[in-house]
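Comments concern the structure below.
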Amino acid sequence: MKAKILLIEDNAQNRYLATFLLEQRGHTIIPAETGPLGLEIAVRERPDLILLDIQLPGMDGHAVARAIKGDPSLRSIPIVAVTSYAMVGDREKCLAAGAEGYIEKPINPETFVAEIERFLPTSPRDAAP
Ligand code: MN
């Protein structure tokens, strides 16, 4: 499926790369630079998936994930955390906060889109030709 993906990421270069790679595959990207703005857009746009940076100013990605999963109208949206934290236990922390998936930065352009698409409700491979 061609998905509507909310990208919550404060770093302009990371936003640019993720947007470029996903748009190349036909997906629509809605960018948000902060957690609170991301939450606002999630309510309004009902994206198919949320890509969530963890290191965000003010409200970090764990807090954003908990807020999304605590909202009955949003909790069915899959969250993929994207983080540069290579700390032991961080993956578990993301999953505990409600993220379905976890991708480490730096983004690998060869595998990024396929990794994201695994978390879409219906993968393009399942679609009728
Ligand atoms: Mn960041």
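Each ligand, and each atom within it, is numbered from 1 in the order the structure gives. Along the sequence shown, residues carry numbers from 1. It should be emphasised that the depicted structure is a prediction, and the values quoted were computed from it without experimental measurement.
- Using a 4.0 Å cut-off between a side-chain N of Lys or Arg and a carboxylate O of Asp or Glu, E100 and R118 do not qualify as a salt bridge.
- Restricting D53 to its N/O/S atoms, the shortest distance to the Mn ion (ligand 1) is reached by OD2.
- Looking at I29 and L51, their side chains never come closer than 4.5 Å, going by heavy atoms from C-beta outward.
- Residue-level check: among N/O/S atoms of D10, OD1 sits closest to the Mn ion (ligand 1).
- Residue H27 is tested with L21, L22, D48, L49 for a side-chain contact (heavy atoms from CB on, under 4.5 Å); the sole match is L22.
- Inspection of the E23 and T19 side chains reveals no N or O donor paired with an N or O acceptor under 3.5 Å.
- For N11, every N, O or S atom stays at 2.8 Å or more from the Mn ion (ligand 1).
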